[in-house]
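Hydrogens, waters and symmetry mates play no part in the numbers below; they use all other heavy atoms, side chains included. Index from 1, following the sequence. These numbers were taken from a predicted model, which means no experiment stands behind them.
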Amino acid sequence: MAVDKKADMLARRFDTLRTQRSVWESHWQQIADYCLPRKADITKRRQEGDKRTELIFDATAIHAVELLAASLHGMLTNASTPWFTLTYSDPAMRGDDAAMEWLEAATARMYEAFHRSNFQQEIHELYYDLVTFGTGCIYVEEDDATGIRFATRHIAEVYLTENASGRVDTIFRKYKQTARAWADQFGEEALPSRVAKALEKDPFDMFEVVHVMMPREERDVGKIGQENMPIASIYFDPDTKTLLKESGYHEQAFMTPRFLKDSVSTYGRSPAMSCLSDIKMLNKMSETTIRAAQVQINPPLMVPDDGMISPIRTRPGGINYYRSGTRDRIEPLVTGSSIPIALNMEEQRRQAIRSAFYVDQLLSAQDGPRKTATQVLQENEERMRLIGPVMGRLQAELLQPLINRSFALMNRRGMFEAAPEEMQGEEIEIQYVSPLAKAHKQTDLQSIMRALEVMSQVGQIAPVMDHIDPKGLIDHLLDTLVVPAKVRRSDAEVALAQQQREQQMAEEQEMQQAMQAAQAAGQAAPALREVANIGEQELAAAE
């Protein structure tokens with residue numbers, strides 16, 4: 001096949017990105033060797049099922065990775081609790097019952113789609129990549145059975161580049177698939193000659209293919225079709241530089257969050273990178289300690305060269321012979337190694353690794369006095385706030401584009417009910433209600449409650465409550481506590497309830513005034529009769 005100009009251009013870009021990423025690969029390989037052995041095939045090529053723990057003598061780092069990944073999953077995208085909701089950017093729309101209930105119904109549909117799909121296992125795998133390699137990659141695409149489908153890609157496959165805003169907008173993915181899969185995906189007529197031959201002889205032979213997703217540089221906005229969509233999706237053969245398939249997406253289908261990131265690097269950094277030296281040292285120390293313990297438990301023997309009759313038997317009940325009349329004996333070799341010192345030094349390294357992975361903050365203390373439920377809740381919120389700085393980047397680079405992409409896919413597939421007319425053209429924003437997000441909101445809530453408590457005390461000497469807008473306060477509290485629209489009244493209903501209450505109060509006041517007037521009239525009636533009697537008596541006397 002002839003070389004395609006577009007495929008050749010993409011291949012040259014891919015070579016540049018591959019060169020830029022090469023300095024990271026040895027780093028990732030070392031981290032995977034010690035922290036995530038099942039993914040330790042970045043620079044090393046291993047067969048499936050091959051042993052991958054030959055360098056591991058202490059599993060502290062592996063357990064720390066598992067704990068942090070599970071904690072992020074539980075605090076950000078827990079399957080048993082809501083972790084996001086949809087709302088309107090316009091505060092006035094939040095008072096519309098019909099519009100808000102439609103959004104809640106759409107959110108519920110999204111949770112149902114997530115639960116039916118493979119979201120939970122794939123997002124959990126993504127957290128493993130984040131806490132070890134510092135960079136993760138997840139792909140969101142349509143699925144005929146569940147509506148949406150997710151796939152976490154190995155860090156060894158992806159090559160990234162950023163735009164001027166520091167956002168990853170171009171992703172190259174190099175991976176292998178069988179000749180049979182090539183034919184199913186691209187069609188037999190598009191196959192290169194080597195793949196076409198393999199399809200006939202051995203369809204399960206593996207060949208490399210490159211998939212790139214990037215903003216489309218040239219497109220006709222007025223035309224409809226995959227080749228004019230904002231995001232270009234192109235498959236090409238890196239060996240023959242031939243174009244295999246070109247299509248497009250309405251939005252970026254790859255999400256590539258970074259755990260931590262400096263201002264000059266494209267790829268992220270992780271807690272595993274921060275303590276890699278401690279991890280390697282701990283494994284080396286553990287290896288040395290194990291050997292020292294073996295020497296003490298089964299020490300080498302000191303045997304005279306002419307007093308013993310070989311072989312030396314060290315098994316239980318073994319009998320060794322020596323020449324009679326000699327004082328030679330078999331004695332162990334004392335090395336003088338101190339196991340307690342070695343164990344103490346290992347524990348110091350373990351503590352440093354646990355601190356890098358937030359183990360002390362994530363695990364509540366098992367020992368010590370019993371604590372009240374309030375104390376446990378406060379400690380839990382403090383632990384979540386400690387890991388909170390990571391949440392901002394994950395929201396911007398993972399959760400927000402993932403939710404937007406999922407919403408758009410489901411909307412185009414008609415998985416939502418018809419939207420009310422009043423919400424046409426309104427912008428929808430994401431509100432995070434995960435345990436980690438709620439822990440941050442608790443600080444705001446506690447500040448408000450503390451302010452109200454102080455102002456109620458000061459209100460005894462000054463009219464401080466005049467500075468508080470009751471409606472604004474209630475709206476803020478409802479938003480902070482994420483009260484569902486089903487149990488909230490709309491602004492119109494609130495105004496009607498206030499009007500009815502004011503009318504009822506006015507009627508009660510009128511009735512009270514009438515009763516007071518009647519009571520006053522009743523009390524004045526005897527006096528009037530007395531005055532009338534006096535007047536009649538005076539008139540009679542005058543006559």
Side-chain angles (χ1 to χ4, degrees), residues 77 79 81-117 119 140-150 221-222 224 229-231 249-253 255 395-396 398-434 437-438 441 469-503:
T77 52
T81 59
W83 50 275
F84 78 94
T85 186
L86 301 178
T87 186
Y88 294 99
S89 300
D90 185 4
M93 288 295 298
R94 300 174 189 173
D96 190 321
D97 263 0
M100 288 299 297
E101 288 180 4
W102 185 90
L103 272 189
E104 288 192 356
T107 305
R109 291 285 181 89
M110 292 185 69
Y111 280 123
E112 292 175 2
F114 286 157
H115 293 161
R116 289 196 307 268
S117 70
F119 173 74
V140 185
E141 59 183 340
E142 293 187 60
D143 186 81
D144 294 334
T146 61
I148 50 179
R149 183 164 61 90
F150 304 86
V221 182
I224 300 176
M229 289 184 178
I231 304 298
Y249 290 86
H250 292 278
E251 54 276 324
Q252 180 61 261
M255 288 88 223
Q395 285 180 351
L398 171 63
L399 300 181
Q400 181 178 354
L402 185 146
I403 295 171
N404 287 337
R405 167 74 172 159
S406 302
F407 181 88
L409 285 176
M410 295 178 64
N411 189 37
R412 287 192 292 268
R413 292 177 64 90
M415 298 178 67
F416 300 134
E417 297 179 357
E421 294 182 359
E422 57 267 23
M423 64 170 292
Q424 299 297 328
E426 293 292 336
E427 292 187 1
I428 298 174
E429 64 181 26
I430 303 167
Q431 189 174 11
Y432 301 100
V433 294
S434 64
K438 287 182 178 179
K441 290 182 178 181
D469 177 15
K471 183 181 183 304
L473 174 62
I474 294 174
D475 289 342
H476 182 71
L477 290 176
L478 291 175
D479 292 339
T480 302
L481 297 174
V482 196
V483 178
K486 293 181 179 179
V487 299
R488 293 176 57 173
R489 288 182 173 179
S490 64
D491 292 343
E493 291 175 337
V494 172
L496 180 60
Q498 291 176 346
Q499 181 180 359
Q500 292 176 348
R501 185 167 56 252
E502 292 175 356
Q503 182 178 357

Enumerate the residue pairs fulfilling salt bridge (Lys or Arg N to Asp or Glu O under 4.0 Å) with a member in residues 399-412, sequence neighbours excluded, ordered by first and then second residue.
E251-R405, E251-R412
For P401 and Q395, which heavy atoms make the closest approach, and how far apart are they?
CD-O, 4.1 Å
From L402 CG over to Q252 CD, what is the distance, rounded to the nearest 0.5 angstrom?
12.5 Å
So, using side-chain contact (heavy atoms from CB on, under 4.5 Å) as the criterion, who are the partners of R116 when residues are at least two apart?
E112, A113, T146, M415
Would you list the pairs meeting ring-ring contact (aromatic ring centres under 6.0 Å, His included) in which at least one residue belongs to residues 88-108, sequence neighbours left out?
none
Assess whether salt bridge (charged side-chain N to carboxylate O under 4.0 Å, His left out) is satisfied between E142 and R149, documenting all intermediate values.
CA-CA 6 Å; E142 293 187 60; R149 183 164 61 90; over 6 Å; no
pair E427-D90: side-chain heavy atoms closer than 4.5 Å
no
Sequence-distant partners of E429, side-chain contact (heavy atoms from CB on, under 4.5 Å), two or more places apart:
T87, S89, R94
May I have the step-by-step check of side chain to side chain contact (heavy atoms under 4.5 Å, CB included) for Q431 and L86, ending in yes or no?
CA-CA 6 Å; Q431 189 174 11; L86 301 178; over 6 Å; no
Residues that E417 engages under salt bridge (Lys or Arg N to Asp or Glu O under 4.0 Å), provided they are two or more places apart:
R109
Kindly give the heavy-atom pair with the smallest separation between A419 and M423, and that separation in Å.
CB-SD, 3.6 Å
Under the side chain to side chain contact (heavy atoms under 4.5 Å, CB included) rule, what do L103 and T85 come out as? Steps first, then yes or no, please.
CA-CA 8 Å; L103 272 189; T85 186; over 6 Å; no
Interatomic distance, Y249 atom OH to E141 atom CD [nearest 0.5 angstrom]
6.5 Å
Between P420 and A98, the two heavy atoms sitting closest are CG-O, 4.1 Å
Taken to the nearest 0.5 Å, the spacing of H250 NE2 from N404 CG works out to 14.5 Å
Quick one: list whatever passes ring-ring contact (aromatic ring centres under 6.0 Å, His included) with F84, sequence neighbours left out.
Y111
Between F114 and T77, does the side chain to side chain contact (heavy atoms under 4.5 Å, CB included) criterion hold? Intermediate values first, please.
CA-CA 11 Å; F114 286 157; T77 52; over 6 Å; no
If we ignore hydrogens and angles and just use 3.5 Å, is the side chain of N411 paired with the main-chain N or O of F407 as donor and acceptor?
no
Less than 4.5 Å apart, any side-chain heavy atom of I148 and any of L409?
yes
Within the side chain of S406, is there an N or O that forms a donor-acceptor pair under 3.5 Å with the backbone of I403?
no
Show, in sequence, the C-alpha distance, side-chain angles and deciding distance for F416 and M110, and conclude whether the side chain to side chain contact (heavy atoms under 4.5 Å, CB included) test is met.
CA-CA 9 Å; F416 300 134; M110 292 185 69; 3.9 Å; yes
